[in-house]
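Shown next, in structure tokens, is the structure this report addresses.
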Amino acid sequence: KFFYGEDLINLHKNNPDELFTFPERRRGLTKKNIFRYDQDVNLFEPKHGYCKGGLGSFWGANSVEFNQDDLIGFGIDKNEFVSAYSELGDRFKLSGGINDDISEIANNSYKIKYDRNLSNAELKLLKMYQEKFQNNKVNDFRMGQSRLAINSSPATNDSCYNSGLCMWRCPNSSIYDPKQTLAECQSYNSFNYKKGFTVIFLESCNLKKTNIKNIIYTDSNGIFKKEGVENVILAAGALNSSIIHLRSLFENGLSTSNKVRSYGLMDTQVVKIPYFNPYAINDNFNTSKIQLNNLTAFIRNYSNDFPNWIQAELLSLGSLIYHPIINKVGLGILNSLFTFNTIKSNLGVASLFIPDRLDSSNYIEIDFSKKVPELNFKYQQLNDVQKVKKDSISAFIGYMRRLGILISKHSAIHLKHGEGIHYAGTIPIMENKTLGCVDRDCKSYDFDNLHVVDGSVFPSLPSKSISLNLAANAIRVARKL
């Protein structure tokens with residue numbers, strides 16, 4: 001019942017290109033928007049997180065910090081983030097490789113204290129990398145133990161014991177969850193956490209359109225209500241923050257059109273490439289390990305318009321539900337099952353995250369001329385992004401083959417736009433005052449008493465995992481406030 005639920009409701013019939021999805025018991029992740037707007041998702045398929053903690057409760061725990069080359073368009077020096085990264089390293093209880101080849105890329109501001117157990121196949125792959133690349137000082141490809149917000153300290157009760165239940169929610173709370181920080185906030189008498197309502201827009205004062213006076217929200221019965229405020233910090237996620245902000249512009253007369261659009265929209269497209277690891281040929285299949293990627297690789301990028309490194313997460317198969325893969329073997333269910341069980345210890349999946357940049361063709365738009373507002377996601381991948389994707393896949397496959405890994409670009413699965421869940425750029429940082437944007441300290445150009453501190457404000461989107469960097473920027477801004 002824990003895994004599949006009553007009447008097997010958690011046993012997903014995955015689409016052919018899906019390797020796994022979250023089980024039904026992990027409630028709160030949906031494709032529907034909470035505002036009950038009609039929605040067009042033909043070009044961009046968003047995911048919304050509405051449980052306590054939001055999308056952060058569904059993350060893969062990867063925690064890689066931005067370096068200066070990642071901060072394209074931010075107008076901010078990396079040094080402004082260093083102390084925040086150090087604080088978050090302790091808060092997230094980061095674990096991973098200690099002073100390895102990816103340290104200067106992944107955690108230059110924080111010294112990892114504890115590594116994690118790797119499978120025999122992962123250890124052999126890492127050893128082969130060291131022989132082929134590290135000792136030969138190849139600088140365009142790096143590999144190491146992934147930096148994850150998983151507590152592996154042996155001295156604590158919530159240390160990871162490799163239950164293999166990460167996707168069902170860790171039974172030992174070893175993976176950092178935003179609800180942990182929320183619980184800390186609730187320990188302060190001055191902090192008041194409210195639930196059971198949906199913020200619709202921010203209402204400004206009649207005498208001054210740029211000063212927010214009330215939050216307009218609907219209660220659990222859908223009744224509109226308001227609450228007075230002095231200052232607002234918006235952090236509902238890049239999609240929801242943008243939707244609230246766009247309606248605020250419309251309702252307060254800061255936009256004269258019935259169709260209001262965000263400045264931009266970005267996401268890291270994910271490309272998953274299955275591979276065969278021959279170094280596990282005699283290994284027994286092991287489910288006593290994390291379900292997340294234990295290894296991370298970085299591929300050098302030479303396009304000047306994007307950061308220096310492309311991130312690839314390497315996942316060796318563990319305790320997941322594999323019937324979509326088995327069905328694709330194509331030998332009939334019994335023969336396919338036998339074949340899969342024979343080689344499953346050797347199978348892995350690499351996930352490459354493709355960087356993105358702002359463009360006027362990509363945005364969120366709300367059409368208020370309709371009886372029910374219509375929410376549209378306009379997105380098409382830019383030509384230079386496609387080139388970075390093509391070059392990165394080709395280079396990565398070449399490096400993996402040099403390690404003896406069997407891998408082919410023809411097996412690559414290009415996930416739909418929006419499924420990367422690294423949303424950004426809807427209310428971006430701009431140097432000059434611009435409608436729908438913020439300054440370098442994330443203060444709104446539209447409303448005098450509004451700051452935005454989520455992925456909305458990122459003016460470019462590196463390949464690297466985004467969550468640690470969202471938190472670091474929020475800390476940076478909070479200190480200024």
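Quick caveat: nothing in here was measured; it's all calculated off a predicted structure.
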From CD (Gln39) to CG (Asn376), nearest 0.5 Å | 9.0 Å
Taking atom CG of Asp90 as the centre, does the number of heavy atoms from other residues, nucleotides or ligands within less than 6.0 Å exceed 12?
-> yes
Could you tell me whether Tyr379 and Phe377 have their ring centroids closer than 6.0 angstrom?
-> no
Can you run down the ring pair (Phe, Tyr, Trp, His ring centres under 6.0 Å) pairs that involve residues 229-254, sequence neighbours left out, and say none if there aren't any?
-> Phe250-Phe368
Say you draw a straight line from CG of Asn252 to CG of Leu202; how long is it, rounded to the nearest 0.5 Å?
-> 8.0 Å
Reported CD1-to-CZ distance for the pair Ile475 and Arg91, which is rounded to 0.5 angstrom = 7.0 Å
Got a salt bridge between Asp177 and Lys179, using NZ or NE/NH1/NH2 to carboxylate O under 4.0 Å?
-> yes
Looking at Ser103, Ser95, Ser63, which one forms a side-chain hydrogen bond (donor to acceptor under 3.5 Å, both in side chains) with Arg147?
-> Ser103
Can you name the residues that form a side-chain hydrogen bond (donor to acceptor under 3.5 Å, both in side chains) with Asn62, not counting sequence neighbours?
-> Asn293, Glu313
Does a salt bridge link Arg479 with Glu87, judged by any charged N lying under 4.0 Å from a carboxylate O?
-> yes
Name all residues meeting the side chain to side chain contact (heavy atoms under 4.5 Å, CB included) criterion together with Asp267; count only those two or more places apart in sequence or in a different chain, and write none if there are none.
-> Phe44, His422, Tyr423
Below 4.0 angstrom, N of the basic side chain to O of the carboxylate: do Asp38 and Lys370 qualify?
-> no
Say you draw a straight line from CG of Leu461 to CG of Leu358; how long is it, rounded to the nearest 0.5 Å?
-> 9.0 Å
In this structure, which one of Lys225, Lys213, Lys209, Lys226 forms a salt bridge (Lys or Arg N to Asp or Glu O under 4.0 Å) with Glu203?
-> Lys226
Given the rule in the side chain to side chain donor-acceptor pair (under 3.5 Å) test, do Asp77 and Asn79 qualify, once you have shown the distances and angles that lead to the verdict?
-> CA-CA 5 Å; Asp77 192 279; Asn79 290 326; 3.0 Å; yes
Counting heavy atoms not belonging to Lys113, are there more than 12 under 6.0 Å from its NZ?
-> yes
More than 12 heavy atoms from other groups under 6.0 Å of CD on Gln386 | yes
Might you confirm whether atom NZ of Lys194 has over 12 heavy atoms from other residues, nucleotides or ligands at distances under 6.0 Å?
-> no
Considering the options Val388, Val385, Thr268, which one meets the side-chain contact (heavy atoms from CB on, under 4.5 Å) requirement together with Pro355?
-> Val388
Rounded to the nearest 0.5 Å, what separation is found between the CG atom of Asp69 and the CG atom of Asn308?
-> 3.5 Å
Near Tyr188 OH, under 6.0 Å, is it more than 12 heavy atoms from other residues, nucleotides or ligands?
-> no
Tell me, do Asp446 and Leu435 make a side-chain contact under 4.5 Å, heavy atoms counted?
-> yes
Distance in Å, Gln180 CD paired with Asp158 CG, rounded so as to fall on 0.5 Å steps = 7.5 Å
Flag the pair Tyr110 / Tyr85 as yes when their ring centroid distance falls below 6.0 Å, and as no otherwise.
-> no
Apply side chain to side chain contact (heavy atoms under 4.5 Å, CB included) to Lys480 and Cys442, showing your working.
-> CA-CA 10 Å; Lys480 291 177 180 292; Cys442 301; over 6 Å; no
